[in-house]
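Some notes on the structure that comes next.
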2 protein chains.
Amino acid sequence: MKSRIETDGYGRKKVIDACMEPCAIERGMRIIGGKWTGSLIYHLKDGPVRFNDLNRLLGGATKKMIDQRLKALEARGMVLRTVINDRPIAVTYELTELGRSALDILEDLRLWSEKYDIR
Amino acid sequence: MKSRIETDGYGRKKVIDACMEPCAIERGMRIIGGKWTGSLIYHLKDGPVRFNDLNRLLGGATKKMIDQRLKALEARGMVLRTVINDRPIAVTYELTELGRSALDILEDLRLWSEKYDIR
DNA sequence: TATTTCAGGTATACTATTTATACCTGTTGG
DNA sequence: CCAACAGGTATAAATAGTATACCTGAAATA
């Protein structure tokens, strides 16, 4: 972010070099901030989880949503999909190294959310 | 989160006590994860900023979006709106203590986003 | 003086994302 | 045989976000 702000002595601030593309925070949020994405990643923190279990863990999200999010995260290299069995089909999803790198942020968010009793 | 997961020896995990409401991470994301909300808060980190400057700082967001986000954040006690002048009207927005409490998370997100070159 | 510019928004219409609900193929348990 | 589970997909409706134009009033510009 090269944009800056200058103060004019009245407690006001004026922008100097507005950023015309989404800034780093905005870009980050578009990856882990989408609805359900954060909890999805967080629920994978302890290892591989199956599709329907993720669906149950994220009470409220539909299968379609879970599916979309997982595909988007897989496309970004944050999640790995593995078929562990045909007949009966069984699939697990787990975090990659990049996926795991986001866990600290999510853990802090969880603590913040609980500390301030965010509803 | 009282939900847990158990392993069955095949690298798979099964959910034991699914959470039926959005968990803490999901609730937190719904406050600071909405589109533009994170950058909006972040751009207020150094003190009061005026409406139109926020609009310029967040290249891409419309005034309507900025307005909605600010109102939502104000309603949650994260942002304070102050009219500093009638005739010519002038308004500033600034973070409350609660608003400031989210800055660490956002700063970490920014660093993560830059480190892994998230686009 | 007339016109433009800025402040801080609101109104309208449109597009995109998310949700609810049902359904599909195949396997296993009763 | 029938129901339940696996891992999804299809369709439609509701919600969220975008683009564009406009409003009131004051001040700066031509």
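Protein chains get the first letters and strands the later ones, always in sequence-line order, with residue 1 at the start of each.
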Cluster question for you: counting only ILVMFWY and a side-chain heavy-atom cut-off of under 4.5 Å, with indirect links fine, are Leu80(A) and Tyr116(B) together? no

In whole angstroms, the gap separating P of dG8(C) from CG of Leu70(B) amounts to 11 Å

Take atom CG of Leu40(B) and atom C1' of dG17(D), then tell me their distance rounded to the nearest Å. 15 Å

Does the side chain of Tyr93(B) come under 3.5 Å of the side chain of Glu74(B) through a donor N or O and an acceptor N or O? no

Let's see if you can work this out: which of dG8(C), dG8(D), dG9(C) has an atom nearest to the side-chain heavy atoms of Asn52(B)? dG8(C)

Summarise protein proximity over nucleotides 11-30 of chain C in one line of letters, 5' to 3': B for base, S for sugar-phosphate only, - for none, counting protein heavy atoms closer than 4.0 Å. -BB----SBB------SS--

When the distance from CG of Asp86(A) to C1' of dG8(D) is rounded to whole Å, what number comes out? 15 Å

Could you walk me through whether Val49(A) and Thr92(A) pass the side chain to side chain contact (heavy atoms under 4.5 Å, CB included) check? CA-CA 5 Å; Val49(A) 184; Thr92(A) 60; over 6 Å; no

Who are the side-chain hydrogen bond (donor to acceptor under 3.5 Å, both in side chains) partners of Ser101(B), not counting sequence neighbours? Trp112(A)

Just how far, in rounded Å, is P of dC5(D) from CG of Asp53(A)? 12 Å

Asn85(B) atom CG is separated from dT24(D) atom C1', nearest whole Å, by 16 Å

State the CZ-CZ distance between Arg119(A) and Arg27(B), to the nearest 0.5 angstrom. 4.5 Å

Within this structure, what is the CG-to-P distance between Leu54(A) and dA6(D), rounded to whole angstrom? 12 Å

Between Arg56(A) and dC5(D), is there a side-chain N or O to OP1/OP2 distance below 4.0 Å? no

Could I get the full list of side-chain hydrogen bond (donor to acceptor under 3.5 Å, both in side chains) partners for Asp67(B), not counting sequence neighbours? Lys71(B)

CG of Leu70(B) to CE of Met65(B): how many Å apart, nearest 0.5 Å? 11.0 Å

Could you go through nucleotides 1-3 of chain C and list every protein N or O atom that sits under 3.5 Å from one of its N or O atoms, giving the distance for each pair?
none

Can you list everything that forms a side-chain hydrogen bond (donor to acceptor under 3.5 Å, both in side chains) with Thr82(B)? Sequence neighbours excluded, please. none

Side-chain N or O of Arg50(B) versus OP1/OP2 of dA7(C): is the shortest distance under 4.0 Å? no

Check side-chain hydrogen bond (donor to acceptor under 3.5 Å, both in side chains) between Lys64(A) and all other residues, then give those that pass, not counting sequence neighbours. none

